[in-house]
Amino acid sequence: METTSLSTSWNQLSRFGSQTAWEMLEKEESSRRITTSCADLDKVVGGGFRCNQVTEVGGVAGIGKTQLGIQLAVNVQIPADCGGLEGKAVYIDTEGSFMLERVLQIAQACVEDLHSSHRKMTPADFLDNIFYFRVCSYAEQTAVINYLETFVADHKDVKVVIIDSIAFHFRYHFDDMPLRTRLLGEIALKLMKLAQKFSLAVVLTNQVINKFADGSFHLTLALGDSWSHACTERIILFWKGSERYAYIDKSPSVRSASVSYCVTERGIRNSSSNCKLVKMM
Amino acid sequence: MYPQNPLPLPLTLTTLPKISLGCPILDHLLHGGVPMNTLTELVAESGVGKTQLCLQLLFITQYPPLSGAAVYLHSELPFPFRRLHQLALQHPSLQNPLVNVFIEPLYDAHQLFDKMSKLEFMLSRGGVVSSHLPVKVVVIDSIAALFRSEYGNNREDLMTRSKMFFEISSRLKAMAVKYGVAVVVTNQVVDVMDSDGVGNSECLVSSGRRVSPALGLSWTHCVNVRLFLYRQYERVVGEGESVEFETRRFIRVVFAPHLPDSSCEFVIKREGVIGIDQHRMIQEKCEIVHNAGTLLRALKP
């Protein structure tokens with residue numbers, strides 16, 4: 001037993017700490033996922049929001065970005081015997097949309113859905129496991145993100161970090177756009193490192209802007225082109241008629257697809273319409 | 001730096017701070033009223049009742065448990081003093097309610113920045129004069145009027161404008177959180193020409209016009225709660241020339257982190273803005289019919 005561990009560490013050393021692709025695949029396959037409570041959405045993102053990576057969720061106001069954020073902060077706490085991660089959540093609120101009564105409502109629904117026989121979680125327990133930071137400027141936001149590594153090192157059971165939204169405080173105050181790009185680049189690296197080091201999921205929400213290109217206006221996510229490289233996975237939420245849709249815009253592992261979902265009293269759920277077809281593109 | 005405990009104890013929904021609208025039906029729609037610590041927007045075309053609702057808030061705030069004063073920044077002149085006075089008379093249990101309402105005019109967007117600095121100072125002191133109640137609601141009526149004339153439709157102006165939106169919103173929200181204040185801003189509407197608008201679920205309709213909230217997409221990201229007040233004309237009697245229309249007013253939750261998309265009818269009376277519960281009205285009518293039935297049966301030998 002000891003010899004094997006010695007030889008592995010010797011192996012590691014001789015490879016300058018690098019990993020083989022095989023090891024990475026194993027790690028990726030074993031990496032845990034946080035369910036969104038919407039089976040269709042889970043299916044298209046490959047089983048849920050993945051740990052070890054940064055996922056960006058963008059969309060217009062009122063489409064359900066915050067709802068998804070709250071849902072993930074609750075769902076990450078689902079006990080292990082119910083197939084959850086039994087982790088805690090860090091919620092960085094930059095816009096002030098984290099409404100306690102809504103969190104309670106979603107947590108209540110989650111409790112009702114769980115059939116855990118061992119211990120009964122109450123909605124209040126769920127709130128206890130969400131570390132909430134309210135930030136009111138880009139400086140505060142940067143400071144909290146810098147501090148996250150220390151914080152998560154002390155709270156190893158944090159399995160998801162949600163920033164709602166990454167964009168808000170970076171959309172004013174900057175006349176010097178290259179500076180903004182640099183600051184955001186730094187944030188992106190820090191979050192990526194955080195996700196890898198503590199194998200947790202980082203979920204960022206982003207806003208949309210009207211961009212003029214090719215002679216017409218179209219909607220695109222805020223923070224510019226360089227930011228679009230910052231996240232591993234990008235999900236765009238949009239309206240189609242009166243139905244909400246999620247579209248996988250960028251992902252290294254799953255196919256580009258769109259699926260409808262619904263925001264109900266109980267949280268994010270499958271769309272109630274009859275045509276629950278997942279469209280692969 | 002340490003995370004806040006999001007859970008205020010004891011845990012009851014009533015402890016979640018809201019400002020009542022002074023009407024149980026409207027409060028029911030908003031799950032208790034206008035939330036504190038956030039930015040709520042009232043969107044409507046002129047004359048539907050957004051100012052009425054704001055004026056009402058100025059007085060309701062003064063009742064316990066909130067017992068707060070109100071700041072009212074208005075950019076749509078003139079200020080409706082007579083209506084304010086009329087509403088003040090509806091609250092005889094408050095001692096001189098007009099003393100706790102601070103009114104200031106706004107002429108342009110830059111002035112709003114100055115006013116916000118003053119406001120921050122005022123809030124940090126706990127009130128204007130120590131004997132006054134602490135400020136609990138800040139109303140800006142309307143934000144759209146500040147931006148309508150000064151900025152053009154070219155790219156630079158739009159970008160400057162959008163930056164200003166985010167800065168205003170961020171400062172108002174910071175104030176709201178720090179001092180436990182509800183911030184309410186009103187917004188106007190613009191007509192929508194093309195069908196898809198900006199990707200929202202559907203067009204908003206008021207008085208038969210297809211409208212969208214003014215100030216565009218970036219401002220939409222600046223508010224936490226968007227309420228839309230709209231009007232419908234319904235033909236009551238007559239045909240041809242002698243048609244009479246009845247105006248019906250509705251309030252709808254367009255988006256809010258804690259509320260479903262829902263709506264309710266309201267009327268504006270001398271006493272203020274009052275919600276109408278359609279369901280209950282029907283129910284009451286049924287009950288009357290039912291009661292009349294039992295009465296008749298009882299009378300019959």
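Proteins get letters first, then strands, A, B, ... in listed order; numbering begins at 1 in each.
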Count the heavy atoms of every other residue, nucleotide or ligand shown that sit under 6.0 Å from CG of A/Asp154, and state whether that count exceeds 12. yes

Tell me, do [X] and [Y] make a side-chain contact under 4.5 Å, heavy atoms counted?
| X | Y | value |
| --- | --- | --- |
| B/His31 | A/Met99 | no |
| A/Arg171 | B/Ser218 | yes |
| A/Leu219 | B/Leu217 | yes |
| A/Phe98 | B/Pro257 | no |
| A/Arg134 | B/Lys178 | no |

Spacing of B/Arg171 atom CZ and A/Cys136 atom SG [to the nearest 0.5 Å]: 12.5 Å

Please round to the nearest 0.5 Å and tell me the distance separating atom NE2 of B/His258 and atom OG1 of A/Thr66. 12.5 Å

Interface residue of largest heavy-atom contact number with chain B, from A/Val263, A/Thr264, A/Asp175, A/Val90, under 4.5 Å: A/Asp175

For chain B, find which of A/Arg102, A/His173, A/Gln207 contributes the most heavy-atom pairs closer than 4.5 angstrom. A/Gln207

Scored by heavy-atom pairs under 4.5 Å with chain A, the best of B/Val223, B/Val177, B/Leu39, B/Leu259 is B/Val177

Looking only at heavy atoms and a cut-off of under 4.5 Å, which of B/Cys222, B/Ser169, B/Ala176 has the most pairs with chain A? B/Ser169

Would you sort out whether A/His169 and B/Glu167 count as a side-chain contact (heavy atoms from CB on, under 4.5 Å), showing the intermediate values? CA-CA 8 Å; A/His169 293 300; B/Glu167 187 159 2; over 6 Å; no

Minimum heavy-atom separation for B/Thr38 to A/Gly96, with atom names? CG2-O, 3.1 Å

How close do B/Phe255 and A/Gly62 get, counting heavy atoms only, and between which atoms? CB-CA, 3.5 Å

Is it the case that B/Lys163 places NZ or CZ above or below the six-membered ring of A/Phe174, under 6.0 angstrom from the centre and within 45 degrees of the axis? no

What part of A/Glu95 lies closer than 4.5 angstrom to a heavy atom of chain B: side chain, backbone, both or neither? both

Where does A/Val208 contact chain B at under 4.5 Å (heavy atoms): side chain, backbone, both or neither? both

Under the side-chain contact (heavy atoms from CB on, under 4.5 Å) criterion, do A/Phe168 and B/Lys173 qualify, and how do the steps go? CA-CA 12 Å; A/Phe168 184 73; B/Lys173 282 177 180 176; 3.8 Å; yes

